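Take a look at the structure below.
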There are 2 protein chains.
Amino acid sequence: MKLEILTKSENREIQNTIITKIRDLINFKNLEPGDKLPSERMLSEKFGVSRGNVREAIQTLEYYGILKTIPQSGTFVANIGVIAMNGMIEDILRLVDPDFKSLVETRILLELKTARLAALRRTNVDLQSMRNALDAYTAKVLNGEDAVQEDLLFHLAIAEASGNSTMIRLMLIITPGILTNFEKYHVCDVNQAFIGIQEHEDIYKAIESKDPKLAKEKMKVHFKMLYQYCYNIKD
Amino acid sequence: MKLEILTKSENREIQNTIITKIRDLINFKNLEPGDKLPSERMLSEKFGVSRGNVREAIQTLEYYGILKTIPQSGTFVANIGVIAMNGMIEDILRLVDPDFKSLVETRILLELKTARLAALRRTNVDLQSMRNALDAYTAKVLNGEDAVQEDLLFHLAIAEASGNSTMIRLMLIITPGILTNFEKYHVCDVNQAFIGIQEHEDIYKAIESKDPKLAKEKMKVHFKMLYQYCYNIKD
DNA sequence: CCAACCAATCTGGTTAACCAATTTTAATAC
DNA sequence: GTATTAAAATTGGTTAACCAGATTGGTTGG
């Protein structure tokens, strides 16, 4: 068989066609939750793609809870009905690289909540790691250095203090997209960094004094610039 | 070399140790953004693991934007400083399977927002797909059938109407965990399904009439039961 | 002395062969 | 006929070999 190296985009396209074919197979054969899919080898032959591609597509569907593979046994339709499955796969196929606006919008949403929860649940250990991140940030800014990393760590420390593992996970997931776009659009400037010191302090104090409402309010202030910027860029 | 099949948990443990070693390598060798990592073969030998394991660990770090691999060239440290990198890796290593409470908490947070945004941005097409999902849900409930799937589709339709691709993605990510836990804890009952019809209708009408505040409010009502249940189960 | 070029080498990506556990099948004993 | 058991086929998981593009170092022509 001919070998070829695929770009991320090409590979994604192949994955999507395989996912589509698996969906059609399930629908056409009326497979129900618990039923077994044909083996990976059989699917790769039927679809005319490599077994590796089939495995990758199956892993994606497993990630979203639609399939379930059992070693040395087979791949099974998860305990989720065909209707929900078709709806979810439709969304999965439509997934695209997120736009900056939606990333920022989501980040603000998440962080307003983590700030609030952190104020309710923060331990002394949480408080200390937030303090450390904040001090590192302040030191760098006052020294005229770039401090986006320390900024990020402060916000991650808040997420940890929220005690919500899912929100930490989601924050980590959207972080790369945020970072690359920050570079591309040059969102931060020096002035903002200086202002950021006080804003960070305000958030910290609110969380320290266990005032959820204030914490959320101060976080909102902190994101005001970003919010406006985000809603002014062209779509 | 001896072959062995690993469970998900064992594999995760290996991945974490490899990620740790990669982090230590970057720190010890003072690798900076843009610098090249040793080749996969070299790493696999140095760490005493298979090349496949190394690739998998690299892919994870790439997923979170910490590494960047270029075909036929090498794996590079992404344009993110060592400080942020160490902080993020620490969080990545700590990631665990999310608990039900954090999942529900996050879902409610996301959906209050998607409802609000949907009220602001919904197109007529969005409205129609929401209507379809709602009708399917109502029909099943009135027929005494289980309608969790249709319920899910209605909520996904709202997420789509929000016009925020990132939130759709996050919704899809947390959905599997929600579904499996719903089964495990038997959250839904028939009465709730009946009540759900009216609650869904209220949400739909609010979005239809482009009233963001009302949409959020009705969504909050819809989640009231779930919210209470979630905060009453033992941690 | 430098730039252009070429071949040897190294890289991540891909495939095919292999492994062990499972499942199915068939043969056998009762 | 039925239950039991063993062997053969099938499964997803894993590894080692291979591929083509990128890199590198040395060589050559100017």
Side-chain angles (χ1 to χ4, degrees), chain A residues 1-19 21-22 25-26 29 31 34-78, chain B residues 1-19 21-22 25-26 29 31 34-78:
Chain A
M1 180 179 282
K2 190 186 164 192
L3 277 180
E4 45 184 330
I5 291 176
L6 303 171
T7 66
K8 294 267 162 70
S9 165
E10 289 169 332
N11 189 47
R12 183 192 180 78
E13 212 163 311
I14 289 189
Q15 294 309 320
N16 276 0
T17 66
I18 296 177
I19 289 176
K21 287 178 178 175
I22 290 179
L25 185 77
I26 293 176
K29 291 215 170 187
L31 296 185
D35 287 352
K36 190 163 88 170
L37 246 60
S39 71
E40 296 177 351
R41 290 172 180 79
M42 212 171 291
L43 290 177
S44 75
E45 192 177 351
K46 185 193 277 269
F47 297 159
V49 297
S50 77
R51 193 183 150 202
N53 288 134
V54 173
R55 299 192 99 241
E56 212 170 326
I58 289 177
Q59 276 170 24
T60 298
L61 291 177
E62 205 174 355
Y63 178 75
Y64 290 108
I66 290 171
L67 296 180
K68 172 83 181 166
T69 84
I70 297 177
Q72 279 85 32
S73 177
T75 302
F76 301 83
V77 180
Chain B
M1 180 179 283
K2 188 186 166 193
L3 277 181
E4 46 184 330
I5 291 177
L6 302 172
T7 67
K8 294 267 163 68
S9 166
E10 290 169 332
N11 189 47
R12 182 191 181 80
E13 213 163 311
I14 289 190
Q15 295 309 320
N16 276 359
T17 66
I18 296 178
I19 290 176
K21 287 178 178 175
I22 290 178
L25 186 77
I26 293 176
K29 291 215 170 189
L31 296 185
D35 287 352
K36 191 163 88 170
L37 246 60
S39 72
E40 295 177 352
R41 290 172 179 80
M42 212 170 291
L43 289 177
S44 75
E45 193 176 351
K46 185 193 277 270
F47 297 159
V49 298
S50 76
R51 194 183 149 201
N53 288 134
V54 173
R55 298 194 98 238
E56 213 170 327
I58 289 176
Q59 276 170 24
T60 298
L61 292 178
E62 205 174 355
Y63 179 74
Y64 290 108
I66 290 171
L67 296 179
K68 172 81 181 167
T69 84
I70 297 178
Q72 278 88 31
S73 177
T75 303
F76 300 83
V77 179

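Values below: all heavy atoms of this structure, side chains included; hydrogens, waters and symmetry mates excluded. Treat the numbers as computed from the prediction; the structure is a model and nothing was measured. Throughout, a chain's letter reflects where its sequence line sits, starting with A, and its residues are numbered from 1.
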A:T69 side chain near D:dG13 phosphate (N/O to OP1/OP2, under 4.0 Å):
yes
Applying side-chain hydrogen bond (donor to acceptor under 3.5 Å, both in side chains) to B:R51 and not counting sequence neighbours gives B:E40
To the side chain of A:R41, which of D:dT14, C:dG13, C:dC19 is closest?
C:dC19
When we call it a touch if two heavy atoms are under 4.0 Å apart, what does B:G52 touch: a base, just sugar-phosphate, or nothing?
nothing
Taking only residues two or more places apart in sequence or in another chain, which ones pass side chain to side chain contact (heavy atoms under 4.5 Å, CB included) with B:E45?
none
How close or far is atom P of D:dG12 from atom CD of A:E62, stated in whole angstroms?
11 Å
Per atom distances to the B:R55 side chain, the nearest of D:dT11, D:dG13, C:dT14 is C:dT14
Could you state the atom-to-atom distance from CD of A:E40 to P of C:dT22 in whole Å?
17 Å
Does A:S39 put a side-chain nitrogen or oxygen below 4.0 Å from OP1 or OP2 of D:dT11?
yes
Would you say D:dG12 has OP1 or OP2 under 4.0 Å from some side-chain N or O of A:T75?
yes
Quick one, A:F47 and A:I22 - any side-chain contact, counting heavy atoms below 4.5 Å?
yes
I want to verify a distance call: between D:dG21, D:dA17, C:dT22, whose nearest atom is closest to the B:Q72 side chain?
D:dG21
Would you tabulate the pairs of protein nitrogen or oxygen atoms and nucleotide nitrogen or oxygen atoms of nucleotides 5-8 of chain D closer than 3.5 angstrom?
none

Taking the side chain as everything from C-beta on, heavy atoms only, tell me whether B:D35 gets closer than 4.5 Å to B:K29.
no
Is any side-chain nitrogen or oxygen of A:S73 closer than 4.0 Å to OP1 or OP2 of C:dT23?
yes
